[in-house]
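For reference, the structure discussed in these notes is given below.
All values derive from a computational prediction rather than experimental measurement. As the structure lists them, so they are numbered: ligands from 1, and atoms in each ligand from 1.
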Amino acid sequence: MFRFPEKFLWGVATSAYQIEGAWNEDGKGQSIWDTFTHRPYTIHNNQNGDIACNHYHQMPEDVALMKELGIRTYRFSISWSRVLPQGTGVINHKGLDFYDQLVDKILAAEIIPNATLFHWDLPQALQDRGGWKNRDSVEWFAEYAQVMFARLGDRVPLWSTHNEPWSHAFQGYSFANHAPGIASAAVAYQTVHHLLLSHGKAVQLFRQGGYNGEIGIVLSFRHYIPASDSESDRAACQRAYDDKVSMFLQPLFRGCYPEHLISWLGTQAPQVQDGDLDLIQQPIDYLGVNYYYTLSISFASSGGLLKLKSAPFSAPGWGHTEMGWGVNPEGLKAVLLDIQENYGNPKMYITENGCALQDQPDATGFVADWGRVNYLRDHLRAIHEAIQVGANIQGYYLWSFLDNFEWSHGYRPRFGIIRVDFDTCQRIPKQSAYWYQQAIARNGIE
Ligand code: GBH
């Protein structure tokens with residue numbers, strides 16, 4: 001039995017656009033994800049989040065299910081355009097009331113709410129003003145954050161500013177496989193800078209408001225290993241790490257962007273003004289760690305340019321998940337130990353970890369997802385090992401509570417420990433939900 005520290009927080013995570021639905025109800029404004037998914041041939045099978053899991057209407061039932069499983073903390077995100085339909089200015093009180101009621105229901109179930117301000121669904125009205133490319137976005141975000149702190153700050157003890165700024169900046173503004181679907185690497189790096197600046201600004205406002213809780217940021221981590229021992233592969237690996245990890249951890253914890261990276265980027269490097277890095281470097285209360293997979297890295301030349309090449313890496317005995325991602329629980333431990341050793345061992349929550357499978361329900365509709373149980377168990381063992389060697393890890397949020405809208409992949413990959421029938425919106429706990437319930441009850445795993 002691997003026992004966890006007494007106060008370890010066992011949680012589940014979701015995000016607004018992926019579960020809520022009700023995309024145009026009760027005064028909600030349009031977000032860039034509404035726009036993006038309504039564009040034909042953008043998303044797998046032309047699917048969208050118009051209804052998603054219908055969580056907006058089934059919220060009380062969902063919280064009751066969490067309570068039944070013994071969940072101790074719930075990480076959700078707030079839809080900015082539900083609260084501020086135009087992004088700034090007029091408040092939509094019905095939208096704000098929804099989150100108010102959600103928080104009250106969560107607290108009544110003795111679950112600790114962890115609210116993420118931005119999980120990628122920017123109000124379309126702000127995109128029309130340039131989105132995150134526009135430096136004014138920092139002020140827009142500050143206004144929105146103030147509204148949320150003022151309304152929920154008395155009851156929400158855990159806040160996250162941004163979810164995976166890397167993913168939003170690059171998938172949204174460079175690879176264009178996410179909203180807003182813009183393809184420009186230079187804009188993506190500028191977006192990173194504005195996302196980080198707005199994070200710093202929100203943290204500052206949170207401190208000034210004297211709120212009692214903890215505030216942090218959630219980053220996307222992968223473990224990178226060189227494809228071979230060659231000098232070139234090791235250099236490629238370092239470059240990937242700088243681009244995806246140091247790019248965020250250095251400004252947040254050391255007040256600078258990685259030098260190598262900035263010179264590599266040349267004219268694509270973000271424009272930084274005096275004082276920006278001081279704002280970004282505001283001390284945070286915790287670092288949110290999202291980890292799913294490990295990549296093996298090398299250089300490949302394409303058209304005379306040196307490019308990074310990555311391949312999924314699976315530890316021996318593991319296959320790939322439904323996303324095509326490799327499985328490597330040791331990679332999570334490596335990520336945690338790296339943060340412990342090189343960034344001052346901040347308080348950490350694993351804010352996302354989980355796997356997509358081709359879940360097959362039996363004749364009764366039950367899903368015996370033992371593959372997911374194996375994935376979760378071995379990642380939790382890796383976390384346990386990291387805690388044993390002193391990494392300051394206080395909790396774990398399983399992605400995801402419900403099967404949901406997996407962005408460009410639509411509803412095909414199922415990440416939930418609760419199955420959702422997307423025709424009826426019926427919820428059925430899977431084997432993994434019962435396994436997790438037992439882990440929480442015992443505060444440990446086998
Ligand atoms: C998280 O991102 C998200 O926060 C969550 O909303 C999502 O549902 C969940 O994980 C499962 O995917 O454009 O080819 O370079 C996941 C981590 C990191 C996965 C970036 C995709 C880049 C793919 N993501 N990765 S690519």
Side-chain angles (χ1 to χ4, degrees), residues 11-20 31 33 36-37 42-44 47 49 52-53 55 75-79 114 116-122 160-179 181-183 185 188 191-192 195 217-224 240 243-245 247-248 288-295 297 307-313 320-328 331-332 335 349-357 372 375-376 379 397-417 420:
V12 286
T14 63
S15 90
Y17 187 73
Q18 295 179 273
I19 66 164
E20 283 181 2
S31 85
W33 272 95
F36 192 67
T37 58
T42 305
I43 306 292
H44 175 74
Q47 290 167 332
C53 306
H55 170 74
R75 172 173 180 251
F76 60 93
S77 80
I78 294 160
S79 158
N114 181 333
T116 299
L117 289 170
F118 187 69
H119 200 124
W120 309 345
D121 45 356
L122 189 77
S160 309
T161 53
H162 290 294
N163 176 72
E164 298 197 357
W166 182 88
S167 305
H168 185 60
F170 285 88
Q171 295 188 256
Y173 289 81
S174 177
F175 313 147
N177 59 351
H178 276 194
I182 291 165
T191 292
V192 166
L195 286 166
I217 187 168
V218 172
L219 301 181
S220 161
F221 287 88
R222 279 149 280 199
H223 182 46
Y224 300 97
D243 199 28
K244 313 286 193 312
V245 180
M247 179 73 185
F248 296 90
V289 176
N290 287 2
Y291 172 86
Y292 289 91
Y293 56 87
T294 293
L295 293 172
I297 308 287
K307 292 225 160 160
L308 284 178
K309 196 177 134 199
S310 60
F313 173 87
H320 293 84
T321 72
E322 184 61 15
M323 298 295 286
W325 298 344
V327 180
N328 182 34
L332 173 53
V335 162
Y349 295 105
I350 314 302
T351 32
E352 286 181 33
N353 173 244
C355 84
L357 289 177
R372 181 171 287 106
Y375 179 102
L376 297 172
H379 285 79
Y397 293 87
L398 194 167
W399 184 275
S400 181
F401 177 56
L402 302 172
D403 288 339
N404 60 47
F405 179 75
E406 179 55 26
W407 309 111
S408 56
H409 304 272
Y411 294 96
R412 190 183 47 80
R414 290 175 176 271
F415 273 93
I417 55 169
V420 175

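- Of all atoms in ligand 1, listed by their number and element, those nearer than 4.0 Å to a heavy atom of N163 are 4 (O).
- Close contacts of ligand 1 with W166, meaning ligand atoms under 4.0 Å from a residue heavy atom, involve 15 (O), 20 (C), 22 (C).
- Using a cutoff of 4.0 Å between basic side-chain nitrogens and carboxylate oxygens, E322 and R412 are scored as salt-bridged.
- Of all atoms in ligand 1, listed by their number and element, those nearer than 4.0 Å to a heavy atom of S167 are 18 (C), 20 (C).
- For ligand 1, the atoms sitting less than 4.0 Å from at least one non-hydrogen atom of N177 are 13 (O), numbered in the order shown with element in parentheses.
- The part of F415 lying near ligand 1 is the side chain, judged by heavy-atom distances below 4.0 Å.
- The nearest heavy-atom contact from the protein to atom 24 (N) of ligand 1 is E164 OE1, 3.8 Å.
- Side-chain contact between I217 and F248: absent, with no pair of heavy atoms (C-beta onward) separated by less than 4.5 Å.
- Ring-plane geometry between W325 and F415 is classed as tilted, the angle between the planes lying from 30 to 60 degrees on a 0 to 90 degree scale.
- Taking distance alone, with nitrogen or oxygen atoms compared against 3.5 Å, E352 approaches ligand 1 more closely than that limit.
- Under the 30°/60° scheme for interplanar angles, the aromatic rings of W33 and F405 are found to stand perpendicular.
- Per-residue contacts place H119 under 4.0 angstrom from the following atoms of ligand 1 (heavy atoms of the residue considered): 3 (C), 4 (O), 5 (C), 6 (O).
- S174 places no side-chain N or O within donor-acceptor distance of the main-chain N or O of A183, the cut-off being under 3.5 Å.
- For ligand 1, none of its N or O atoms has an N or O atom of N404 under 3.5 Å away.
- Taking all heavy atoms of Y293, F405, W399 into account, the minimum distance to atom 25 (N) of ligand 1 is reached by Y293.
- In this structure, H168 and H162 have side chains that are not in contact, with every pair of non-hydrogen atoms separated by 4.5 Å or more.
- Taking a 4.0 Å cut-off on heavy atoms, W325 registers as neighbouring ligand 1.
- Contact annotation for atom 14 (O) of ligand 1: protein absent (non-hydrogen atoms, distance under 4.0 Å).
- The protein heavy atom nearest to atom 22 (C) of ligand 1 is Q171 OE1, 3.6 Å.
- Ring orientation note: the planes of Y291 and H379 are tilted relative to one another, at an angle of 30° to 60°.
- Nearest protein heavy-atom contact of atom 9 (C) of ligand 1 is Y292 OH, 3.3 Å.
- Ring geometry for W166 versus F170: interplanar angle under 30°, hence parallel rather than tilted (30 to 60°).
- Under a 3.5 Å cut-off, the side chain of R222 and the backbone N or O of L295 do not form any donor-acceptor pair.
- In terms of polar-atom proximity, W120 is not counted as a contact of ligand 1, lacking any N or O under 3.5 Å from an N or O of the ligand.
- In terms of polar-atom proximity, defined here as any N/O pair under 3.5 Å, E406 does make such a contact with ligand 1.
- Applying ring-ring contact (aromatic ring centres under 6.0 Å, His included) to W120 and the options Y173, Y17, F36, W407 leaves one that passes, W407.
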